[in-house]
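Heads up: the structure comes next, in structure tokens.
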Amino acid sequence: MYSKPVRPVLVVIAHGSRDPRHAATVHALVRRVRSLRPGLRVETGFLDFNIPSVHGVLESLAAEGVRDVVALPLLLTRAFHAKADIPAVLRDAPAQLRIRQAEVLGPSPLLLSALERRLYEAGLTPADKSSTGVVLASAGSSDPEAIAVIAEIAREWRHTGWCAVRPAFASASLPRTEDAVRELRDLGCARVAVAPYVLAPGFLPDRIARGAAEADVLAEVLGPAPEVARLLLERYDAARTPALTAVGA
């Protein structure tokens, strides 16, 4: 008798934070993912600060007899955590687990849609695009690849009709949010909006918010936006294909 293959468990790997809003937002996003695909088991593990840890989640799954896992970094760029921290954690996973590491979330058209959703929720309308300059405010990274990706996203987003789009960074790189806001004012944009390119609240998103003090509009973080939840499932589906090499298999 034919039996349907068991789908790999999706393990969402979040950074973690001392700020309780971070974990709450991650859990809200995961609940939305579950609602979009009710038959899929989704677990959450944190790299730091919060529990359960990634290692603890993987140990528990192995103890239950789970064999196939897709580990999905809840990250917007391929910086240090995606290149070093997460692979190191997965290498230490129980040997009986076959783990595929999914790609990070960005870049993706779905993220641009989520950014615009947040801007419209903050009071803008599509009719405002041509007169509004947008600061694409990222947490920042010392990884030049990650910085280049943010700059490219800003260039691409500009072509969708905004007056101008400028990248900004809360740490490690320049310009800061407040400097990008002033640059857009100097360009003559009728209004300036700040769109945080971050997934959850915390120390650096708060710094972005302070830098947006002179902006006309400050959007919320991406959080559990429907587009972000759909993107997690896209990354999961891509990673579960046999063409990808399993970590530790």
Side-chain angles (χ1 to χ4, degrees), residues 12 14-15 19 21-37 42 44 72-77 102-140 149-170 177 180-181 184 189-202 204-209 211-212 215-238:
V12 176
H15 184 278
D19 189 323
R21 296 174 299 166
H22 174 90
T25 302
V26 170
H27 291 311
L29 174 58
V30 169
R31 284 195 297 272
R32 175 154 265 169
V33 172
R34 291 186 183 120
S35 73
L36 291 176
R37 194 169 296 181
V42 188
T44 308
L72 196 159
L74 199 60
L75 301 169
L76 296 174
T77 58
E103 290 296 325
V104 298
L105 298 181
S108 168
L110 283 170
L111 290 175
L112 289 183
S113 296
L115 286 166
E116 295 202 350
R117 170 188 292 275
R118 293 302 189 223
L119 286 170
Y120 297 150
E121 289 172 348
L124 294 178
T125 70
D128 296 323
K129 291 183 77 167
S130 63
S131 59
T132 302
V134 179
V135 177
L136 180 68
S138 166
V149 167
I150 299 299
E152 179 59 26
I153 292 170
R155 283 192 292 270
E156 290 182 4
W157 202 16
R158 161 69 181 85
H159 296 312
T160 66
W162 296 101
C163 174
V165 180
R166 292 290 184 272
F169 307 94
T177 302
V181 169
L184 291 171
C189 297
R191 69 182 64 77
V192 176
V194 173
Y197 191 62
V198 293
L199 287 165
L204 292 177
D206 283 349
R207 182 180 288 178
I208 290 171
D216 301 294
V217 173
L218 170 62
E220 293 292 328
V221 299
L222 295 171
E227 296 84 358
V228 179
R230 285 168 49 203
L231 180 54
L232 263 69
L233 290 172
E234 278 193 8
R235 295 291 187 254
Y236 168 81
D237 290 335

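We count residues from 1, following the sequence as given. On a predicted model such as this, the values are computed, not experimentally measured, just so you know.
Qualifying side chain to side chain donor-acceptor pair (under 3.5 Å) partners for Glu103, counting only residues two or more places apart in sequence or in other chains: none.
In this structure, Val198 and Leu204 have side chains that are not in contact, with every pair of non-hydrogen atoms separated by 4.5 Å or more. Using a 4.5 Å heavy-atom threshold, the side chains of Val135 and Ile208 count as separate. Residues Val33 and Val12 are not in side-chain contact: their nearest non-hydrogen atoms beyond the backbone lie 4.5 Å or more apart. Residues Leu74 and Leu29 are in side-chain contact: their nearest non-hydrogen atoms beyond the backbone lie under 4.5 Å apart. Side chains of Leu199 and Thr25 form no contact here, defined as non-hydrogen atoms less than 4.5 Å apart. Between Leu218 and Pro196 the shortest side-chain heavy-atom distance falls below 4.5 Å.
No donor-acceptor pair closer than 3.5 Å links the side chain of Asp237 to the backbone N or O of Glu234. Checked by atom type and distance alone, the side chain of Arg235 pairs as donor or acceptor with a backbone atom of Leu105 at under 3.5 Å. A donor-acceptor contact shorter than 3.5 Å is absent between the side chain of Arg166 and the backbone of Val181. The main-chain N or O of Val165 is never found under 3.5 Å from a side-chain atom of Arg158 such that the two would form a donor-acceptor pair. Although no hydrogens or angles enter the test, the distance criterion places a donor-acceptor pair under 3.5 Å between the side chain of Arg34 and the main chain of Val42. Between the Ser113 side chain and the Pro109 main chain, a donor and an acceptor come within less than 3.5 Å of each other. At least one donor-acceptor pair under 3.5 Å links the side chain of Asp216 to the backbone N or O of Val192. Distance alone, capped at 3.5 Å, places no donor-acceptor pair between the Arg31 side chain and the Ser35 backbone. In this structure, the side chain of Arg32 does not engage the main chain of Ala229 through any donor-acceptor pair within 3.5 Å. Arg21 places no side-chain N or O within 3.5 Å of a backbone atom of Ala200 that could act as its donor or acceptor partner.
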- [ ] I would like to know whether Leu119 and Trp162 meet side-chain contact (heavy atoms from CB on, under 4.5 Å); could you show each step before the answer?
- [x] CA-CA 12 Å; Leu119 286 170; Trp162 296 101; 3.8 Å; yes
Task: side-chain contact (heavy atoms from CB on, under 4.5 Å) assessment of Leu111 paired with Val228 - done: CA-CA 6 Å; Leu111 290 175; Val228 179; 4.2 Å; yes
- [ ] Could you go through the side-chain contact (heavy atoms from CB on, under 4.5 Å) check for Leu76 and Leu222 one step at a time?
- [x] CA-CA 11 Å; Leu76 296 174; Leu222 295 171; 4.3 Å; yes
Open item on the list: Assess the residue pair Thr77 and Val104 against the criterion (side-chain contact (heavy atoms from CB on, under 4.5 Å)); give the C-alpha distance rounded to whole Å, side-chain angles, the decisive distance to 0.1 Å, and a yes or no.
Closed with: CA-CA 6 Å; Thr77 58; Val104 298; 5.7 Å; no
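Residues Thr177 and Ala137 share a closest heavy-atom pair of OG1-CB, 3.9 Å. The shortest heavy-atom contact between Pro167 and Ala180 is O-CB, 4.2 Å. Minimum heavy-atom separation, Ser130 to Cys163: O-CB, 3.3 Å. Contact detail for Lys129 and Thr160: the closest heavy-atom pair is NZ-O, 3.1 Å. Closest approach of Val221 to Pro201, counting heavy atoms only: CG2-CD, 4.0 Å. Residues Ala14 and His22 share a closest heavy-atom pair of CB-NE2, 4.3 Å.
Salt bridge absent: Arg230 and Glu227 never bring a charged side-chain N and a carboxylate O closer than 4.0 Å.
To the nearest 0.5 Å, atom CG of residue Leu110 and atom CZ of residue Arg117 are 11.0 Å apart.
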